[in-house]
**Student:** 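Handing you this structure, nothing more for now.
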Amino acid sequence: MSGCWTQYGNILNVDTTGASQATARPEGLSYAGVAASEKIAERDLKNMVKYKDMITRVGNSKCVDPAVIAGIISRESHAGTVLQNGWGDNGNAFGLMQVDKRYHKTVGSWDSGEHIAQGTEILCGMLTQIQKKFPTWTKEQQLKGAISAYNAGAGNVQTYNEMDVGTSHNDYANDVVARAKFYKRNGY
């Protein structure tokens, strides 16, 4: 693990149940859980490679594990493959990390390092909010909470065990964590 990544905990030590049926089914999978998240991440791997150097640079500069960034990119945009001219969510969310234009001024091109840096800064802001809201949680618990908050806001995170209630398909952090672990094992 690179120097500063440990300040937010080790993604490999974050517990996860993986993708829900609601996330797995549209992907053509008849099963859910960690195996489904890993299969989806594996499908995105060849497209993710195009962004690996940028993801690593941004991760190092922001002290965020590149595997976590890759996990979010996989969940949000399938490494860009589902976007229309860089946009998703009915034209409200921009880029690989799907920055919502209703809450943020988008920067850079949809597949740029500048965009990845903005998405990662949003995640870091969520980490700060979750650390303040739940100071007794472990670093790993706070990291998972921040991943959930990246999707639904820090106000949505009420308890550790139910942090994904209210996120997309009620599994956002669990799915992203499982995908991030896959990317960690595959060189991110």
**Student:** Which distance, rounded to the nearest 0.5 Å, do you find between the CD1 of Ile116 and the CH2 of Trp110?
**Tutor:** 10.0 Å
**Student:** To the closest 0.5 Å, what do you measure between CZ (Arg179) and OG1 (Thr16)?
**Tutor:** 11.0 Å
**Student:** Nearest 0.5 Å, please: how far is CG in Leu123 from CD1 in Ile69?
**Tutor:** 7.5 Å
**Student:** Can you name the closest pair of heavy atoms from Met97 and Ile72 and give their distance?
**Tutor:** CE-CG2, 3.9 Å
**Student:** For Glu140, give me all partners under salt bridge (Lys or Arg N to Asp or Glu O under 4.0 Å), at least two apart in sequence or on another chain.
**Tutor:** none
**Student:** Kindly give the heavy-atom pair with the smallest separation between Gln98 and Trp87, and that separation in Å.
**Tutor:** NE2-C, 4.4 Å
**Student:** Does Trp137 have Lys144 sitting over its ring (NZ/CZ under 6.0 Å from centre, angle to axis within 45°)?
**Tutor:** no
**Student:** Give the minimum heavy-atom separation between Met48 and Ile55, together with the two atoms involved.
**Tutor:** SD-CD1, 3.8 Å
**Student:** Could you measure the distance from the OG1 atom of Thr106 to the NE2 atom of His115? Nearest 0.5 Å is fine.
**Tutor:** 9.0 Å
**Student:** Which pair of heavy atoms, one from Arg75 and one from Asp175, lies closest together, and at what distance?
**Tutor:** NH1-OD2, 2.8 Å
**Student:** How long is the span from the OH atom in Tyr188 to the CG atom in Leu45, to the nearest 0.5 Å?
**Tutor:** 5.5 Å
**Student:** Can you list the other members of the hydrophobic cluster that holds Val34, where links are side-chain heavy atoms under 4.5 angstrom apart?
**Tutor:** none
**Student:** Are Ile130 and Gln141 packed together at the side-chain level, in the sense that at least one heavy-atom pair is separated by less than 4.5 angstrom?
**Tutor:** no
**Student:** Would you give the length of the straight line joining atom CG of Asp171 to atom OG of Ser37, rounded to the nearest 0.5 angstrom?
**Tutor:** 7.0 Å
**Student:** Check whether more than 12 heavy atoms from other residues, nucleotides or ligands sit under 6.0 Å from atom CG of Asp15, and answer yes or no.
**Tutor:** yes
**Student:** Of the non-hydrogen atoms in Leu96 and Ser77, which two are nearest, and what is the gap between them?
**Tutor:** O-OG, 2.8 Å
